[in-house]
Each structure stands twice: as C-alpha cells, then as structure tokens.
Amino acid sequence: MRPEELRSHQWYGTDGLRSFSHRARTRQLGYLPEEHLGKPVIAVLNTWSDINPCHVHLRDRAQAVKRGVWQAGGFPLEFPVSTLSETFQKPTPMLYRNLLAMETEELLRSYPVDGGVLLGGCDKTTPALLMGAASVDLPAVFVPAGPMLPGHWRNEVLGSGTDMWKYWDDKRAGLIGDCELAELESGLARSPGHCMTMGTASTLTAAAEALGVTVPGASSIPAVDSGHDRMAAASGMRIVELVRQDLRLSRFLTSDAYEDAVATVLALGGSTNAVIHLIAMAGRSGVRLTLDDFDRIARTVPVLANLRPGGQYLMEDFHFAGGLPAFLAQLTDVLHLERPTVAHDSLREQLAGATVHNPEVIRPRTKPLADEGGVAVLRGNLCPDGAVIKHIAAEPHLLRHTGPAVVFDDYRQMQRTINDPALGITADHVLVLRGSGPKGGPGMPEYGMLPIPDHLLKQGVRDMVRLSDARMSGTSYGACVLHIAPESHVGGPLALVRTGDLITLDVEARSLHLDVSDEELARRREAWAPPPVRYGRGYGALYDEQITQADTGCDFAFLAREGEVPDPYVG
C-alpha cells in the first residue's frame with residue numbers, strides 16, 4: 001500500500017486547510033513529521049482502568065503494543081475506552097456491552113486511523129471490542145488480557161469464581177467460619193488478569209483466537225508472564241503488516257470462522273455466555289448464527305479441555321499443555337482449515353506442529369471429558385425461543401428431572417425469602433427466577449446460579465435444577481437452565497409459571513416443559529400485565545427500547561440491522 005492509499009492520508013496528506021490543521025495539531029502533541037507522515041496510524045484501544053483488576057496491567061501492555069507498531073514502521077496512538085469490570089459494575093456490565101461496541105466503532109471510524117489493536121479480556125470487553133471493530137471493518141488484531149495466576153489457600157489450588165461459589169456455600173453450610181473466609185479473600189485472586197478457569201473471559205478470548213483475530217497462542221498466556229509482553233509487541237508488529245496489505249476484519253470473520261469458534265467453545269466446555277456473544281458478534285459480521293447451530297455443532301465435538309468448572313485444571317496448566325493451538329490440533333476434522341487468520345494464510349498452517357504436552361489437561365479424542373459439547377440448547381413450551389444449560393458442570397442425576405416449581409418474581413425477593421422454612425423447599429424442587437432477562441434485569445445479570453437454601457446445604461445438597469431468564473458466571477456450575485427466551489419481562493411463558501407447577505427437564509431430549517395445559521396457560525396470559533417502564537431517560541431508556549432477546553444476541557436492534565455507514569468527510 002502506498003502512503004497516499006492509507007486512510008489516514010485524508011487527514012494528514014492533502015494540501016487543504018484541514019490537513020494543515022491536523023499536521024499542526026500533531027506537532028502540538030510533540031510529534032515530528034518523520035514520526036507519522038506516510039506511516040500506518042494504529043489505534044490502540046485500551047480498556048485499562050484502576051477499578052478493573054482483570055485489566056489493571058493493560059496500561060503496560062499498551063506500551064508493548066506501541067513498541068511493536070514502532071518497530072514495524074507504524075505510528076501508534078492510544079485511545080482509552082470504556083472498561084467493563086465484571087467484578088464491580090452494577091447491575092451488570094452486560095448492560096454496557098453494546099455501549100463499548102458503539103464507542104469502539106465510532107472511534108475507529110471518526111479518527112485518522114488505518115487499523116486497530118484491541119486490548120480486552122474481562123467478560124464483555126472481548127465481544128464488545130470485536131463487535132465494534134467488525135462494524136467499521138478496518139484491519140484489527142485482538143490482544144487478550146490473559147488469565148491471572150492460580151489461587152492458593154492452605155495448600156489448595158483455587159479457581160477464581162468457581163471456588164468462591166464452593167466455599168461460600170461451605171460457609172452457609174457451617175463447614176468453614178469467618179477466619180477461613182478472610183484467608184480465602186486474599187487467596188482467590190493473586191495477580192492481574194481475568195479468571196483463570198474456563199469461565200466467560202477465557203472462553204471468549206479462546207473464541208477470539210479460534211476466529212483468527214489474535215496471534216497464535218495469545219489467549220492462554222498468563223497475564224503476568226513475560227510472554228504476554230512479547231505477544232503484545234508481536235500484535236503491534238502484525239497490525240502494521242495487515243494495514244499495508246489492506247487485510248480487514250471481514251476477511252477473517254467469516255461463517256466458517258464462527259462455526260470454528262462455536263466448536264472451540266463447546267469442546268472447551270466453555271461458558272454459556274459465549275452463546276449470546278458469538279451470535280451478536282456474528283451478526284455484526286453479516287453472518288447468521290443461531291442456537292440451532294450451537295446444538296448441531298455440540299453433537300459433533302467432544303469436550304477435551306479438563307478445566308474448571310467442568311474439569312480439574314486451570315488456565316496456566318492449559319497454556320503449558322500447549323494452549324489453544326495444541327487444543328485445536330485435536331479437532332482438525334471439524335474445523336475449516338483453509339480459512340485465513342491474521343497471522344497465517346490458513347488455519348492449517350497456523351496449527352502445523354502444535355503439540356499437546358499434558359494429555360490430562362488437553363485430552364485426546366479417545367479419552368474425552370464428555371462425548372458431546374459442554375452446552376446444550378433446550379426447547380419446549382417454557383422456552384419456545386430456546387434456553388441453554390452447561391450440562392457438563394451439573395450433577396448427572398439432575399439432567400432428567402421433574403419437580404414442582406418454587407417461583408421468585410425477582411432477585412431481591414429471592415434473596416429475602418430463599419431460606420424461609422415456610423416455602424418447604426426440598427432437593428426435588430425446581431427453583432425458578434424471573435424478571436432477570438435482557439429487559440427485566442436489566443442487562444441479564446448473572447443471577448442464574450440461584451443459591452441453594454441453607455438447610456439443604458447443611459444436609460449436603462450441592463445442586464438443584466434452577467431456571468431463569470438470567471445468565472450465570474462462566475465460573476459457576478450446577479444444573480442451571482439459563483437464557484430462557486422470550487424472557488418473562490416481555491410476556492414469555494416464564495411469566496406464567498406458578499409455585500407448585502411441575503417442570504420437566506430432559507437434557508438428552510433437549511427439552512424443557514411446563515406441565516400445565518395450554519388452556520390454563522391462556523387464562524394466565526389473559527391476566528398477565530407488563531411491568532412498568534423502568535427508565536424515563538438516558539442510556540437506560542435507549543437500552544430498553546433497542547435491546548433484543550437472548551436467542552438473537554442481545555444486540556441493539558439499530559446496530560444489528562443491515563445498512564451502510566459512510567466514512568466521515570475530512571474536508
């Protein structure tokens with residue numbers, strides 16, 4: 001690509017007043033003409049902040065990216081963008097995923113940049129950055145934040161999230177006390193980086209690598225490993241070459257790539273949240289991806305990653321077992337190997353020579369953790385548009401179960417009353433939470449792993465069938481049916497369930513059924529009234545007006561639809 005063919009040339013390289021102004025303002029920033037004129041300008045979009053422990057090291061990683069860009073002959077400019085911290089942001093960062101996607105798209109479109117490096121990793125940042133970048137379709141490389149170090153407590157190796165749920169239940173059951181819990185607070189999360197289990201963060205960064213938009217092996221490098229710095233620098237070098245060859249994201253984010261990402265997520269036993277995010281990401285790429293695609297692909301791939309919460313090990317073990325290249329090399333019969341990636345002409349070339357170093361962590365096909373993918377898609381009169389369950393992380397005896405419902409109308413009511421003896425909850429009951437979907441949550445909070453009542457925990461019960469229109473953390477476990485669509489807030493069948501109704505879950509049959517007659521459901525629907533509007537103004541009102549349902553990715557309708565957006569007139 002000649003310098004005058006660069007997109008940034010419109011800002012810097014013409015003879016008009018505006019270009020003169022742009023050059024003058026760049027001198028104001030302290031840059032010499034030789035530093036940027038005629039060079040690819042690379043936006044480094046950084047989701048670092050002081051409140052996001054998953055990304056607290058990305059300030060330094062941005063410097064490594066810049067180092068790589070300079071080394072390759074480009075000109076890097078760092079842009080701070082919204083940080084979506086799963087650990088702190090309420091009611092849920094999912095409420096703001098589309099806001100970060102909008103910010104990413106509009107920053108890349110409106111500034112004099114030729115390509116972008118996207119730094120993220122905490123659950124919602126990976127899909128948000130890639131959704132925005134896909135919509136503007138410039139060359140881009142994704143830099144995963146990387147997993148934190150393994151947790152430790154009293155000679156036990158801990159997984160963030162997963163062991164938090166486990167030991168919190170032990171505290172409620174009276175098995176540990178306040179002193180142990182105080183020690184656990186300091187042992188669960190020991191370094192920068194996202195959760196080191198196969199939770200949502202690791203699932204989505206692995207999906208990004210499977211899509212082909214990272215350098216090889218990037219998704220599993222521990223956040224504090226020096227290899228993570230090197231990977232960031234390599235990403236900076238690579239983006240300059242992508243710009244020079246005009247290799248845009250649309251070249252890589254194809255239908256074949258999304259199918260391979262789905263296969264990867266399912267074979268990893270990954271987070272159910274990936275279903276929503278990949279559907280939304282695919283939509284921004286002009287690719288139609290549905291729940292049926294997940295269910296179809298799930299039947300063709302085994303679970304080979306022995307990682308918590310469905311398995312035994314953590315992400316550092318996975319990395320040193322060979323990482324995603326070695327993992328994908330076990331799945332070549334179901335992958336589209338001739339498609340390109342940002343680093344190689346084909347996925348086949350990218351996986352050449354990848355070797356598994358620990359077959360207990362990355363299982364061979366002859367010894368899978370499970371014969372089918374770790375997420376099942378359910379249908380039935382309770383979820384006409386679908387629901388999902390991570391059955392690999394549930395107790396097997398609950399995967400075919402009929403029990404009476406105990407219904408909670410919202411999360412606060414559930415918190416107040418779950419331990420009320422008057423409810424008479426037994427291990428056979430089905431706990432039902434509604435009002436927690438995309439609109440009802442709002443933002444579909446991670447409420448789906450409903451707590452088991454204290455008295456049952458003390459009896460040794462550690463799993464029950466639980467249903468909701470919410471999501472759950474990818475670090476969670478249990479027989480939790482999630483993403484029920486349509487949600488109760490818009491009048492989905494979940495809104496009609498009453499305490500005492502029998503509900504049947506049959507994962508093998510992919511079925512979720514409310515054992516109530518159609519006539520009775522029609523009577524209940526006649527009496528149902530929609531909840532009042534929550535937001536009178538602001539972003540919440542925009543969200544409420546535009547958010548789509550879980551089965552279509554929870555994107556904003558005006559962002560998901562087809563339509564051209566022109567580049568800005570530079571003048």
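For the numbers below, each heavy atom of this structure counts, side chains included, while hydrogens, waters and symmetry mates do not.
Using modelled atom types, one side-chain atom of Gln413 and one backbone atom of Asp409 make a donor-acceptor pair closer than 3.5 Å. One N or O on the side chain of Arg466 and one on the backbone of Leu450 form a donor-acceptor pair closer than 3.5 Å. Side-chain N or O atoms of Arg462 include none that pairs as donor or acceptor with a backbone N or O of Gly478 at under 3.5 Å. With hydrogens and angles ignored, the 3.5 Å screen pairs a side-chain donor or acceptor of Gln330 with a backbone N or O of Ala326. Side chain of Arg190 to main chain of Pro150: a donor-acceptor pair is present (N/O by atom type, distance under 3.5 Å, no hydrogens or angles). Looking only at distances, a side-chain donor or acceptor of Asn98 sits under 3.5 Å from a matching main-chain atom of Cys554. Arg238 places a side-chain N or O within 3.5 Å of a backbone atom of Val342 that can act as its donor or acceptor partner. Proximity of a side-chain donor or acceptor of Thr355 to a complementary backbone N or O of Gly353 within less than 3.5 Å is detected. Between the side chain of Glu209 and the backbone N or O of Gly217 there is at least one donor-acceptor pair closer than 3.5 Å. The backbone N or O of Ser226 sits nowhere less than 3.5 Å from a side-chain atom of Asp229 that would complete a donor-acceptor pair.
With no hydrogens or angles considered, no side-chain donor-acceptor pair links Thr205 and Ser219 at under 3.5 Å. Neither side chain, Asp428 nor Thr426, offers a donor N or O lying under 3.5 Å from an acceptor on the other. Side chain to side chain, Thr92 and Arg471 meet the donor-acceptor criterion of an N or O pair below 3.5 Å. Side-chain atoms of Ser85 and Thr83 form no donor-acceptor pair, as typed in the model, at a separation below 3.5 Å. No hydrogens or angles considered: nothing links the side chains of Ser271 and Thr203 as a donor-acceptor pair under 3.5 Å.
Scanning both residues, Met449 and Ser476, for their nearest heavy atoms gives SD-CB, 3.4 Å.
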Subject >> side chain to side chain contact (heavy atoms under 4.5 Å, CB included) between Asn46 and Val81, intermediate numbers included >> reply: CA-CA 6 Å; Asn46 194 352; Val81 293; 5.8 Å; no
**OP:** Dump the intermediate steps for side chain to side chain contact (heavy atoms under 4.5 Å, CB included) on Phe408 and Ile418, then the final yes or no.
**Re:** CA-CA 9 Å; Phe408 303 97; Ile418 188 72; 3.5 Å; yes
Original post:
Stepwise, does the side chain to side chain contact (heavy atoms under 4.5 Å, CB included) test hold for Leu494 with Glu487?
Top reply: CA-CA 7 Å; Leu494 193 66; Glu487 65 174 307; over 6 Å; no
Subject >> Stepwise side chain to side chain contact (heavy atoms under 4.5 Å, CB included) check, His483 with Thr272 >> reply: CA-CA 9 Å; His483 311 179; Thr272 50; 4.2 Å; yes
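The pair Glu360-Lys367 meets the salt-bridge criterion, with a side-chain N (NZ, NE, NH1 or NH2) lying under 4.0 Å from an Asp/Glu carboxylate O. The pair Asp170-Lys166 meets the salt-bridge criterion, since a charged nitrogen lies less than 4.0 angstrom from a carboxylate oxygen. A salt bridge links Arg510 with Asp295; the closest basic N to acidic carboxylate O contact falls under 4.0 Å. Salt bridge Arg97/Asp123: absent, no basic N to carboxylate O contact under 4.0 Å.
Rounded to the nearest 0.5 angstrom, Met281 CE and Leu130 CG are separated by 4.5 Å. Here the straight-line distance linking atom OG of Ser82 with atom CD of Gln89 works out to 8.5 Å at 0.5 Å rounding. Rounded to the nearest 0.5 Å, atoms CZ (Phe142) and OG (Ser235) are 10.0 Å apart. If you take CG on Asp260 and CG on Leu211, they are separated by 8.5 Å, rounding to the nearest 0.5 Å. Note: Glu259 CD to Leu289 CG = 8.0 Å, rounded to the nearest 0.5 Å. Atom-to-atom distance recorded for Leu266:CG and Thr300:OG1 is 8.0 Å, nearest 0.5 angstrom.
Within the 4.5 Å cutoff, no side-chain heavy atoms of Asp410 are placed close to those of Arg434. Side-chain contact between Lys439 and Ile547 is present, with heavy atoms from C-beta onward closer than 4.5 Å. Between Met148 and Ser160 there is a side-chain heavy-atom pair separated by less than 4.5 Å. Between Val497 and Leu382, some side-chain heavy-atom pair lies under the 4.5 Å cut-off. Residues Lys124 and Leu129 fail the side-chain proximity criterion, which asks for heavy atoms closer than 4.5 Å. Using a 4.5 Å heavy-atom threshold, the side chains of Thr87 and Pro53 count as touching. Leu307 has its side chain out of reach of Leu314: every pair of non-hydrogen atoms, C-beta onward, lies at least 4.5 Å apart. Counting heavy atoms from C-beta on, the side chains of Val262 and Leu278 come closer than 4.5 Å.
Ring-centre distance between His55 and His194: not below the 6.0 Å cut-off. Close placement of the Tyr96 and Tyr539 rings is indicated, their centers lying within 6.0 Å of each other.
Below 30°, between 30° and 60°, or above 60°: for Tyr411 and Tyr447 the angle between ring planes is below 30°, a parallel geometry.
Between Arg400 and the options Val507, Asp506, Leu505, a side chain to side chain contact (heavy atoms under 4.5 Å, CB included) holds for only Asp506.
Atom CZ of Arg412 has 12 or fewer heavy atoms from other residues, nucleotides or ligands within 6.0 Å.
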